[in-house]
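Here the structure comes first, spelled out in structure tokens, and everything after it is commentary.
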Amino acid sequence: MFTFFWMTLLFFLWGSTKNTGIRLTVESALGRPVCSGGYCITLNEGEITTEAGLCVVIPCFFTMADGFTPKAIVWFKCEPWRRRCGDSDVVFHTNRNKVPSEFLGRVLLLDPDVSQGNCSIMINDLSTSDSGSYQLRVNGFYQGTADGVTFPSRTSLSVKDLTQKPSVMIPPLTEGQQATLTCTAPGLCSGSPPKITWMWRGKGEMEVNITGNMAASFKTENLTVVTQRHSSILTFNSSAKHHNTNVTCKVSFTSGLTTEETVTLKVNYKSQPQITGNTIVKEGDDLNLTCNVESFPQSVVVWTKHSASEIYLQNNTGSATLVISNVTAPDSGRYVCTATHLNETVSAYADVKITWFSKILKGSGCVLQSALLTCVCITEGFPLPTITWPLLKDHTEYSVIKTVSNHTINDTVTIPLKNRHYVSVECYSSQGNEEAKENLTVQEDFPEKEGTFSPLPVTSALTFCAASFQMTNTFPRVTEIKL
Ligand SMILES: *[C@@H]1O[C@H](CO)[C@@H](O)[C@H](O)[C@H]1NC(C)=O
Ligand SMILES: *[C@@H]1O[C@H](CO)[C@@H](O)[C@H](O)[C@H]1NC(C)=O
Ligand SMILES: *[C@@H]1O[C@H](CO)[C@@H](O)[C@H](O)[C@H]1NC(C)=O
Ligand SMILES: *[C@@H]1O[C@H](CO)[C@@H](O)[C@H](O)[C@H]1NC(C)=O
Ligand SMILES: *[C@@H]1O[C@H](CO)[C@@H](O)[C@H](O)[C@H]1NC(C)=O
Ligand SMILES: *[C@@H]1O[C@H](CO)[C@@H](O)[C@H](O)[C@H]1NC(C)=O
Ligand SMILES: *[C@@H]1O[C@H](CO)[C@@H](O)[C@H](O)[C@H]1NC(C)=O
Ligand SMILES: *[C@@H]1O[C@H](CO)[C@@H](O)[C@H](O)[C@H]1NC(C)=O
Ligand SMILES: *[C@@H]1O[C@H](CO)[C@@H](O)[C@H](O)[C@H]1NC(C)=O
Ligand SMILES: *[C@@H]1O[C@H](CO)[C@@H](O)[C@H](O)[C@H]1NC(C)=O
Ligand SMILES: *[C@@H]1O[C@H](CO)[C@@H](O)[C@H](O)[C@H]1NC(C)=O
Ligand SMILES: *[C@@H]1O[C@H](CO)[C@@H](O)[C@H](O)[C@H]1NC(C)=O
């Protein structure tokens, strides 16, 4: 019956502390009642171990022989080898006047109603010197006469150095949202409240006291009449700069003992995707684009090509490098990097342009007809190449027509020749650092004496150049005329 009762108490105490992860110091079960002449005491079985700075409950229950009315409870502490503790060893007395100051207020009777037989005490603000053997005396009246009973059974208490740490609770932190960290002191003690301080250490920084936009508030919760939970709540606006930084909660007990716990903060945050690499690539070279997203947890990064649902590359490490080797013109277009962070997606894109350049194309050539030299030079590329005619510097009279169609440029130059004669005419095409040159052979065309002075077959280029010449006469698209 008594055992069941105590089990209930133990369960209650354990149950109430379990959530915070703090061990209460009652570790062994109550023993059986030890009786002598109708006087019974039930104490803890074996030694009770606890830690300095914390508190402990010494469970105890007694019943007196018929006719004995208990009035006061006295607890002594003395060396185990002494048969009986003396008056100088009092640690608790229902009459406070008889208690030495070092124990006064620090040792509490859990149930002040002595007639209930509940002699359990709690000792707060423990120090290692509280270790020892505890003995109970019940004073009262036996059949009307003042009397007292000292029970021979004792409970031994061992107070070890403090090893328990505060428990720090961190909810999931998200950038821009208020963060609330809770640090709970070990021990559910109703003694002097400990001091709880916070310290913060940023990346490569010194540890600093929490100040400024971080605020800490102290909180004491009454769990039962005799147990209290002391905690400190730190609130601040979390941001990416708090990620992977350390926060320390330090608990200082009145005895000067301290214990601390350090936690590393993890803040959910993300940055915009950043694309690096050249978006203008020469045909035949490699396209090499990296999309990087700084975030916690890491984002999944996917590369796709706009207007094509094909996934080129996917990586869950927050960074993905798209490499297309030996690019050709159709590889140009919009490439999209999509980053998925938790349940949100953000994207960035790169417009890739492939630059290419051809030689002087077929269809280029010159025709001399009636002292008028007409030369056509055709080339293509992206961006559009520029055509130059070195021979123009020797002439002051000429016309140039440029025709642009998609990536093809078609330059027609017409020069009236007086006494000069050309076997070939140079055409230069250039784009950036690249240049193509070609000597265009001059075909002489004498319509009046056809067949006599024209040993060369009439080529398609010739026909084409003649057509150009026709158009020159009507000046349909003259972009440059120098006379
Ligand atoms: C002794 O009193 C305390 C405080 O009221 C209570 O929690 C505990 O259950 C009691 N123990 C017994 C054995 O009655
Ligand atoms: C935070 O603490 C961990 C482990 O204690 C340590 O490895 C890390 O370097 C600390 N970080 C900072 C920014 O001090
Ligand atoms: C933090 O504050 C305590 C007192 O509140 C002081 O003793 C200590 O020197 C301070 N530490 C720093 C790093 O400012
Ligand atoms: C807790 O109990 C103490 C006395 O035991 C009392 O002064 C205090 O107001 C109580 N606090 C709460 C939050 O109930
Ligand atoms: C957090 O930020 C909001 C608005 O940005 C501000 O009103 C609030 O005071 C900040 N809280 C703290 C603890 O700094
Ligand atoms: C792509 O570029 C990165 C950084 O510029 C470089 O480290 C990597 O070797 C390149 N990859 C290829 C395949 O060229
Ligand atoms: C993801 O990227 C890392 C480093 O950037 C690389 O080592 C890994 O192979 C990549 N994984 C996939 C699935 O592409
Ligand atoms: C690049 O691609 C072109 C056309 O697909 C091919 O002719 C050429 O051999 C390739 N060059 C290399 C180095 O792979
Ligand atoms: C993502 O999830 C959070 C909570 O899990 C929710 O508040 C938020 O609205 C969600 N965002 C989107 C874009 O679905
Ligand atoms: C120009 O390019 C477009 C698309 O690339 C094509 O549809 C069109 O036929 C081209 N025009 C000429 C004259 O080559
Ligand atoms: C060259 O330009 C002329 C007009 O100046 C045009 O008629 C002809 O088709 C063009 N040739 C090519 C191959 O684009
Ligand atoms: C064109 O011919 C001239 C004279 O014969 C020569 O100097 C020049 O190098 C030639 N250019 C090309 C591109 O072949």
Side-chain angles (χ1 to χ4, degrees), residues 170-179 200-205 213-214 236-247 264-358 380-386 404 406-408 431-434:
I170 317 174
L173 305 180
T174 302
E175 182 178 31
Q177 292 182 4
Q178 179 155 308
W200 185 74
R201 184 197 288 272
K203 291 180 191 96
E205 289 180 41
N213 54 7
M214 290 187 163
F236 60 96
N237 282 347
S238 45
S239 73
K241 73 168 184 176
H242 295 125
H243 183 64
N244 273 340
T245 60
N246 290 343
V247 162
T264 302
L265 302 182
K266 299 286 174 193
V267 182
N268 290 336
Y269 75 96
K270 68 161 190 299
S271 66
Q272 283 297 311
Q274 296 289 329
I275 297 175
T276 51
N278 285 332
T279 53
I280 296 174
V281 185
K282 227 168 78 182
E283 187 175 41
D285 285 358
D286 296 343
L287 171 67
N288 181 353
L289 294 179
T290 298
C291 181
N292 193 50
V293 182
E294 291 275 314
S295 72
F296 178 82
Q298 272 174 335
S299 303
V300 175
V301 178
V302 176
W303 273 111
T304 48
K305 190 167 179 188
H306 190 64
S307 75
S309 54
E310 184 188 354
I311 291 179
Y312 278 80
L313 187 75
Q314 179 167 346
N315 205 325
N316 59 2
T317 61
S319 175
T321 301
L322 173 71
V323 175
I324 299 176
S325 49
N326 190 13
V327 291
T328 54
D331 290 321
S332 60
R334 178 166 289 189
Y335 290 81
V336 181
C337 163
T338 305
T340 305
H341 179 248
L342 301 174
N343 57 357
E344 283 183 72
T345 53
V346 280
S347 53
Y349 62 83
D351 286 324
V352 171
K353 295 191 169 93
I354 309 299
T355 64
W356 54 280
F357 180 59
S358 76
E380 59 183 358
F382 177 82
L384 212 57
T386 308
V404 175
N406 280 358
H407 300 299
T408 308
Q431 180 211 62
N433 296 328
E434 297 201 71

*Is the backbone of P383 close enough, under 3.5 Å, to the side chain of Q431 for a donor and an acceptor to pair up by distance?*
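Checked: pair present.
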*Taking the side chain from K305 and the backbone from S332, do they hold a donor-acceptor pair closer than 3.5 Å?*
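At least one qualifying donor-acceptor pair exists.
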*With sequence neighbours left out, write down each residue that passes side-chain contact (heavy atoms from CB on, under 4.5 Å) with I170, or none if nothing qualifies.*
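So I170 forms a side-chain contact (heavy atoms from CB on, under 4.5 Å) with V168, L173, L181, V263, L265.
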*Any side chain to side chain donor-acceptor pair (under 3.5 Å) pairs touching residues 274-290, not counting sequence neighbours?*
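Sorted result for residues 274-290: T290-T321.
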How close do [X] and [Y] get, counting heavy atoms only, and between which atoms?
{"X": "N292", "Y": "S319", "value": "OD1-CB, 3.3 Å"}
{"X": "S238", "Y": "V267", "value": "CB-CG1, 4.2 Å"}
{"X": "F296", "Y": "H341", "value": "O-NE2, 2.8 Å"}
{"X": "H242", "Y": "N237", "value": "CE1-O, 3.2 Å"}

_Residue pair V247 / F236, side-chain heavy-atom distance below 4.5 Å_ =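 Result no, sub-4.5 Å side-chain heavy-atom pair not found.
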_For S299, all residues meeting side-chain hydrogen bond (donor to acceptor under 3.5 Å, both in side chains), sequence neighbours excluded_ =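 Per chain and number, S299 pairs via side-chain hydrogen bond (donor to acceptor under 3.5 Å, both in side chains) with S295.
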*Listed by chain and number, what are the side-chain hydrogen bond (donor to acceptor under 3.5 Å, both in side chains) partners of T174, not counting sequence neighbours?*
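side-chain hydrogen bond (donor to acceptor under 3.5 Å, both in side chains) check on T174 returns nothing, list empty.
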*asked:* Surrounding OH of Y349 (heavy atoms of other residues, nucleotides or ligands, distance under 6.0 Å), is the total greater than 12?
replied: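 It does not: Y349 OH has 12 such atoms or fewer within range.
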*Should we say atom CD1 of I280 is surrounded by more than 12 heavy atoms from elsewhere, each under 6.0 Å from it?*
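It does not: I280 CD1 has 12 such atoms or fewer within range.
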*W303/L289 under side chain to side chain contact (heavy atoms under 4.5 Å, CB included): CA gap, chis, key distance, verdict*: CA-CA 10 Å; W303 273 111; L289 294 179; 3.9 Å; yes
_The test is side chain to side chain contact (heavy atoms under 4.5 Å, CB included); show your working for C337 and V301 and say whether it passes._
CA-CA 7 Å; C337 163; V301 178; 3.5 Å; yes
_Geometric cation-pi criterion K353 and F382, 6.0 Å radius, 45° cone_ =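 Geometry flag: not set, cation outside 6.0 Å or 45°.
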_Just verifying a value: how many Å separate T355 OG1 and E434 CD, rounded to the nearest 0.5 Å?_
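The OG1 atom of T355 sits 7.5 Å away from the CD atom of E434.
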*Can you sort out the partners of W356 under ring pair (Phe, Tyr, Trp, His ring centres under 6.0 Å), two or more places apart, ordered by chain and number?*
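In terms of ring pair (Phe, Tyr, Trp, His ring centres under 6.0 Å), with neighbours along the sequence ignored, W356 is linked to H407.
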_Which residues pass the ring pair (Phe, Tyr, Trp, His ring centres under 6.0 Å) test with Y269, not counting sequence neighbours?_
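For Y269, the residues satisfying ring pair (Phe, Tyr, Trp, His ring centres under 6.0 Å) (neighbours in sequence not counted) are H243.
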*Check step by step if side chain to side chain contact (heavy atoms under 4.5 Å, CB included) holds for N244 and K266.*
CA-CA 6 Å; N244 273 340; K266 299 286 174 193; 2.4 Å; yes
*Kindly determine whether L287 and D331 satisfy side chain to side chain contact (heavy atoms under 4.5 Å, CB included), including the steps that lead there.*
CA-CA 9 Å; L287 171 67; D331 290 321; 5.8 Å; no
